[in-house]
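Just below is one structure, and these are the notes that go with it.
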Amino acid sequence: MKKKCAIVGIGNRTHSWLSSIVEQHPECTQLVGLCDLNLDRCRDVNAAYGTTAAVYDNYDRMLAEVKPDLVIVVSPESCHREHIVKALEAGCHVATEKPLCTTIEDADAIVAAERRSGKKVFMAFNYRHIPLCSKIREIIKAGTIGRPVSMDLTWYLDYKGHGASYFRRWHRLMRESGGLLITKACHHFDLANWWMDDIPQTVFAQGRRNFFGPGHNPYQGERCSTCAHSQECEWYTDVCIKDRTEELSRELGYRVKGVREYIRDYCPFGEDVDIHDTMAVQVGYRNGGILNYSLNASVPFEGWNLAINGTKGRLESKITDAKPSPPWLPAEFQRKHEGRDVEWPDEYRIFVMPHQKAAFEVTVPNIAEGHGGGDFKIFDAALADIYPEEDSLNIFASAIHGARSTAIGAGANASIASGQPVHLKDWSF
Ligand SMILES: NC(=O)c1ccc[n+]([C@@H]2O[C@H](COP(=O)([O-])OP(=O)(O)OC[C@H]3O[C@@H](n4cnc5c(N)ncnc54)[C@H](O)[C@@H]3O)[C@@H](O)[C@H]2O)c1
């Protein structure tokens, strides 16, 4: 019997799931329902993929009528609680995009609903499956650096591309995305929890708007496409000289050429931007480990720096991709790099320094496709129940891992607001 799959939230990310359903796993999945507030986005999917899923703008009706086995939640983060809890209560399993949700109360409600329903939440943390990230976990699990006691993790978003993109879309509002400490850092906090192999207990954080938001550009508007300052503002050119949405969709292999009526040109310096671009977070773990994390969205490149100190050694790794984000690139950059891939290294390195042995280097392949290859692993598992024979790394995440990641981000947001440290809830049985 095929697994009856329904999707809620038919935006950009959904197309990765759709490709896997339609192209990779047609023998074991059947797309039965599509739900979005914008019904045309659902119709676009049926037209482009040749599917005949029922389309809805009412989620309750979709659950009642198509009775899915699996609901895939790809709506914005602020809707995740409602969509996950209702699906569980309707007797469906759930595969949810990150983050699990945006607040600790939401996480509580989801974990409780999962326990009540007896159904499962598959938490789609694709970063765990990136070869570099799973290799770091493997080195730690092997005891090579002992028990991790401190971790420095600094994450960089490139200011014109990926970084700016959060300030140009709905993510720019705390109430929609929970800010970058939820919508982006949820990946990083999950990795830190997983590598630390521990449960976060306390968090203290600071956050600022130093680069984006009101007051950081000579010009301010609502959207680039309607802006009176289009001639003078250097940020205008990034989005509006050439809308590469269709081109990008083709490059990514999406069948729908851009998400209809999608707004990605809000002014990154707009009056209503209320998320931070500069954040530092300190997390204390139950067994004594400490995480020092920072996230900055005004960096000239994309990447991260990681150092983990253990009781028996240290490891270090870093990524500094000059990774382009095509739709927002300045025209001259596009011209310069036209026709070739930009600065993707073939492999990444981990430097391991055990206390009592010689230091050594481990190299792992860099897979450019599907978020470092992570997407393929999570889609195979969630859609086709393809799991490795052995999972000694505990690589697959569930609601409780999503809850612990959200707890750090939500706790950090509360700490930024109050100036006080925050004690986190745990959801262990
Ligand atoms: N794992 C990853 O690497 C990754 C990458 C991108 C996005 N995501 C996550 O996927 C989710 C979707 O992101 P996106 O970039 O596709 O966003 P998007 O804005 O492109 O799409 C979201 C869609 O949900 C619809 N929607 C909004 N409210 C709804 C509601 N109440 N009911 C039904 N539909 C509703 C919108 O109309 C839109 O079409 C987010 O949670 C995001 O964080 C994960």
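Note that ligands are numbered from 1 as they come in the structure, with each ligand's atoms numbered from 1 the same way. Positions are given from 1 along the sequence.
- Neither the backbone nor the side chain of V259 comes within contact range of ligand 1; no heavy atom lies under 4.0 Å.
- Counting heavy atoms under 4.0 Å from ligand 1, residue K98 touches it through both backbone and side chain.
- Interface atoms of ligand 1 facing H80, defined by a heavy-atom separation under 4.0 Å, are 41 (O).
- Among all heavy-atom pairs drawn from A397 and H401, the shortest one is CA-ND1, 3.6 Å.
- Of the possible donor and acceptor atoms, one in the side chain of H80 sits under 3.5 Å from a partner among the backbone N and O of P99.
- For the ligand labelled ligand 1, residue H83 lies inside the 4.0 Å heavy-atom shell.
- In terms of heavy atoms, A297 sits closest to L180 at CB-CD1, 4.4 Å.
- Looking only at protein heavy atoms, the nearest one to atom 21 (O) of ligand 1 is G11 CA, 3.2 Å.
- Test L153, I416, L181 against V281 for side chain to side chain contact (heavy atoms under 4.5 Å, CB included) and you get one pass: L181.
- Proximity of L37 to ligand 1 is established by a heavy-atom distance of less than 4.0 Å.
- At the shortest separation from atom 12 (C) of ligand 1 among protein heavy atoms lies V74 O, 3.0 Å.
- The ligand atoms of ligand 1 that sit less than 4.0 angstrom from a heavy atom of P76 are 22 (C), 24 (O), 26 (N), 27 (C), 28 (N).
- The nearest heavy-atom contact from the protein to atom 6 (C) of ligand 1 is R13 CD, 3.6 Å.
- Residue F125 places no heavy atom under 4.0 Å from ligand 1.
- Atom 40 (C) of ligand 1 has its nearest heavy-atom neighbour, among R260, E77, E97, R264, in E77.
- For an aromatic pair to be called close, the ring centres must be under 6.0 Å apart, and Y266 with F167 fails this.
- At least one cation-pi condition fails for K141 and W195: the charged atom is not both under 6.0 angstrom from the six-membered ring centre and inside a 45 degree cone around its axis.
- Residue R41 has at least one heavy-atom neighbour below 4.0 Å for each of these atoms of ligand 1: 36 (C), 37 (O), 38 (C), 39 (O).
- Atoms of ligand 1 lying under 4.0 Å from at least one heavy atom of V8, given by number and element, are 33 (C).
- Per-residue contacts place S75 under 4.0 angstrom from the following atoms of ligand 1 (heavy atoms of the residue considered): 11 (C), 12 (C), 24 (O), 40 (C), 41 (O).
- Of the candidates R115, R81, K425, D108 forms a salt bridge (charged side-chain N to carboxylate O under 4.0 Å, His left out) with just one, namely K425.
- In this structure, atom 18 (P) of ligand 1 lies nearest to the protein heavy atom Y262 CE1, 3.6 Å.
- Listed by number with element, the atoms of ligand 1 under 4.0 angstrom from any heavy atom of N126 are 1 (N), 2 (C), 3 (O).
- More than 12 heavy atoms of other residues, nucleotides or ligands shown are found within 6.0 angstrom of NZ on K184.
- Contacts of N12 with ligand 1, taken as heavy-atom pairs under 4.0 Å, involve both backbone and side chain.
- Here the closest non-hydrogen pair linking W427 and I400 is O-CD1, 2.8 Å.
- Looking at heavy atoms from C-beta onward, V71 lies in side-chain contact with Y59 at the 4.5 angstrom threshold.
- Only the side chain of W170 comes within contact range of ligand 1, with a heavy atom under 4.0 Å; no backbone atom does.
- Of all the listed residues (I378, T14, D36, T102), D36 holds the heavy atom that lies closest to atom 37 (O) of ligand 1.
- Taking the six-membered ring wherever Trp is involved, the centroid distance between the rings of F212 and W235 falls below 6.0 Å.
- A distance below 6.0 Å separates the ring centres of H162 and Y166.
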